[in-house]
2 protein chains.
Amino acid sequence: MGYISSVASIERILNGLESADAHDDLQAFSERLCTDLGISHVVYHWVSGSGDQYGCGTYPASWVARYVEKGYLRVDPVVQGCYQRFHPVNWKQLDWSSRAARAFLADAVAHGVGNQGFSIPIRGPNGQFALFTINHSCDDNHWEMFTTESRRDLILLAHFFNDKALQLQPGRKPRDATPLSPREVDALTFLAVGYNRAQVADALSISEHTLRVYIESARHKLGAMNTTHAVAKALQRGIIVV
Amino acid sequence: MGYISSVASIERILNGLESADAHDDLQAFSERLCTDLGISHVVYHWVSGSGDQYGCGTYPASWVARYVEKGYLRVDPVVQGCYQRFHPVNWKQLDWSSRAARAFLADAVAHGVGNQGFSIPIRGPNGQFALFTINHSCDDNHWEMFTTESRRDLILLAHFFNDKALQLQPGRKPRDATPLSPREVDALTFLAVGYNRAQVADALSISEHTLRVYIESARHKLGAMNTTHAVAKALQRGIIVV
DNA sequence: CTGACCCTCGCAGGAAATGGGGAGGGAACT
DNA sequence: AGTTCCCTCCCCATTTCCTGCGAGGGTCAG
């Protein structure tokens, strides 16, 4: 195991990433990275859409299968912990006190996962949440030194990896819909902060009847089934920012 | 104007950032960075789902005031554009075709903002969305070369800046929210895709009465005033992903 | 084993949102 | 000059949602 700076320059690694143009390339890149860094595993995974997700990495297939089968997503302290954080985290810093968490870790190790990990949370548009993790088996001191030293490079790496994975995602919608009018945006914005129609109408200084026209119009433009749906769509598309 | 690598090492800059321990330090850091890079402005600001926001940077106060007064947040192609993207963006790549956008840009320039900009979107926990922007006045070629060359350093810088800003945020409720139960998440998820209560109940194979309990419970946990608000909050906090 | 929390089900009245109609004035783009 | 879109206002009937009440069984951690 060696620091990135001493094994391969971050420049060369990132350039290798740039040339990836298929998901297979990302997988190959993970494996190569693993070797280059001399660590056990590199894993990237994201959850975004309803069932829309993607993952690649060097974890044994048996572990991945077990993870899904057991529903470990709801137990995994790495996921739970990173979800609340902005900065990368060393697994040792997480909360492993619960019974379920310890059982989970034991199961992971039994399936060939190393006891040390360093996970970088990454968030993208539309609520995308990804984790870029490196994993190894060694003592705490070594791992601490390695991650401290390589932290910045790893962040950059995770960032570019995610960028690439997003680009390669097929389900990219171009920019179809009719844009909302300013008043429609106003209406949805106030609705999104919890106002009811009377309050929104008051805030916008218009009659509630007029307001309703906006809401309906926005609903139709967004292809939404009801107001809640319209607000949700507007939020996801970044049409309204609250 | 010089590339980061040629003016000051990214290491030194980041270390300067590390030592910041108050918002004033971030402000001072922005100003220093401006000088170091030889550019007109450095700006950082964020908006989060909880309505709280923070900003600092070197834009003239008159421009910031005007921005707020005019409600430019809804017009600004930088904000609108970055919200949809993961990677940093050069202002020139954005869509300035609308009249409002051009008027906005003209107004900005009139207030001392440079015509060139490079903005990095950053997303944090709980739907935090921040923008780190550098701004200058020069021709397209120079700017293109500068941003291309400094891109990686700027990303890292933006990332650490945001990390610092998050740490310094006073209103950081560490673990304010009671987490939602799985069923509550399920309920909100289906509501967010437009189902009404009957449909959600059906999808979850539970009675509508039971479903109602979840929705109410989720509403209370999220501090939401109604279902739409609850869904909006859940989306912004990344509790549900559709 | 005792809370604490989750999942499940029920009733009923009142409040709010929705759907579908119509109508006039103004700004903008062709 | 005409079309298209936006803003504004109004009525009515129906559907849906919110509020407040109550109840039993399950799981998990201290």
Side-chain angles (χ1 to χ4, degrees), chain A residues 70-71 74-75 77 80 95-104 177-192 194-232 239, chain B residues 71 74-75 97-103 175 177-232 239:
Chain A
K70 288 278 189 179
R74 294 201 194 280
V75 178
Q80 303 300 325
D95 174 24
W96 297 91
S97 61
S98 89
R99 183 175 310 181
R102 280 194 305 269
F104 162 73
T178 337
L180 299 189
S181 78
R183 284 310 231 184
E184 288 159 357
V185 173
D186 291 342
L188 292 185
T189 302
F190 280 113
L191 289 173
Y195 287 14
N196 61 28
R197 297 207 299 204
Q199 292 172 313
V200 176
D202 196 52
L204 295 179
S205 302
I206 56 176
S207 79
E208 195 174 332
H209 306 283
T210 302
L211 172 69
R212 231 184 40 204
V213 177
Y214 296 145
I215 300 176
E216 277 178 42
S217 160
R219 254 204 329 262
H220 288 139
K221 285 182 182 173
L222 292 168
M225 306 169 90
N226 52 46
T227 301
T228 298
H229 193 195
V231 169
I239 294 171
Chain B
R74 309 220 181 287
V75 178
S97 60
S98 90
R99 183 171 308 187
R102 281 194 304 268
R175 202 69 30 156
T178 335
L180 299 189
S181 77
R183 283 312 231 183
E184 288 159 357
V185 174
D186 291 342
L188 292 186
T189 301
F190 280 112
L191 288 173
V193 295
Y195 287 14
N196 62 27
R197 295 205 299 205
Q199 292 172 314
V200 176
D202 196 52
L204 296 178
S205 302
I206 56 176
S207 79
E208 196 173 330
H209 305 282
T210 302
L211 171 70
R212 235 184 34 209
V213 177
Y214 297 146
I215 299 176
E216 277 175 45
S217 160
R219 252 202 333 259
H220 288 138
K221 285 182 182 174
L222 293 168
M225 306 170 90
N226 52 46
T227 301
T228 298
H229 194 196
V231 169
I239 295 171

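Keep in mind that the numbers below use all heavy atoms, side chains included, and drop hydrogens, waters and symmetry copies. Below, read A as the first sequence line, B as the second, and so on, with proteins coming before strands; counting in each chain starts at 1.
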Quick tally for nucleotides 19-29 of chain C: nucleotides whose base has a protein heavy atom under 4.0 Å get B, sugar-phosphate-only ones S, the rest -, giving BB--------S
With heavy-atom distances below 4.5 Å as the criterion, would you say the side chains of [X] and [Y] are in contact?
{"X": "A/Ser217", "Y": "A/His220", "result": "no"}
{"X": "A/Leu180", "Y": "A/Leu188", "result": "yes"}
{"X": "B/Arg212", "Y": "B/Glu216", "result": "yes"}
{"X": "A/Ile206", "Y": "A/Arg183", "result": "yes"}

At less than 4.0 Å, is any side-chain N or O atom of B/Arg197 found next to OP1 or OP2 of D/dC17? Yes or no. yes
Please tell me if A/Tyr214 has a side-chain N or O lying less than 4.0 Å from either OP1 or OP2 of D/dT8. yes
Once rounded to the nearest 0.5 Å, what's the spacing between atom CG of A/Asp202 and atom CD of A/Gln199? 8.5 Å
Once you round it to whole Å, what is the distance between [atom2] of [N] and [atom1] of [X]?
{"X": "B/Leu211", "N": "D/dT16", "atom1": "CG", "atom2": "C1'", "result": "13 Å"}
{"X": "B/His209", "N": "D/dT19", "atom1": "NE2", "atom2": "C1'", "result": "15 Å"}
{"X": "B/Leu180", "N": "C/dC7", "atom1": "CG", "atom2": "C1'", "result": "15 Å"}

[X] and [Y]: which non-hydrogen atoms are nearest, and at how many Å?
{"X": "B/Glu184", "Y": "B/Lys221", "result": "OE1-NZ, 2.9 Å"}
{"X": "B/Leu222", "Y": "B/Ala230", "result": "CD1-O, 3.4 Å"}
{"X": "B/Met225", "Y": "B/Arg219", "result": "C-CD, 4.1 Å"}
{"X": "A/Val231", "Y": "A/Ala192", "result": "CG1-CB, 3.6 Å"}
{"X": "B/Asn226", "Y": "A/Gly194", "result": "ND2-O, 3.0 Å"}

Give the nucleotide from the list D/dC17, C/dC7, C/dA17 with an atom nearest to the side chain of A/Asn196. C/dA17
Within a reach of under 6.0 Å around OH of B/Tyr195, are more than 12 heavy atoms found that belong to other residues, nucleotides or ligands? no
What N/O pairs connect the protein and nucleotides 1-5 of chain C at under 3.5 Å? Give each pair on its own line.
none

Could you identify which residues of residues 200-208 of chain A place a heavy atom less than 4.0 Å from some atom of DNA chain D, listed by residue number, or say none? A/Ile206, A/Ser207
Which part of the nucleic acid, if any, lies within contact of A/Ser217, taking any heavy atom under 4.0 Å across all strands shown: a base, the sugar-phosphate backbone alone, or nothing? nothing
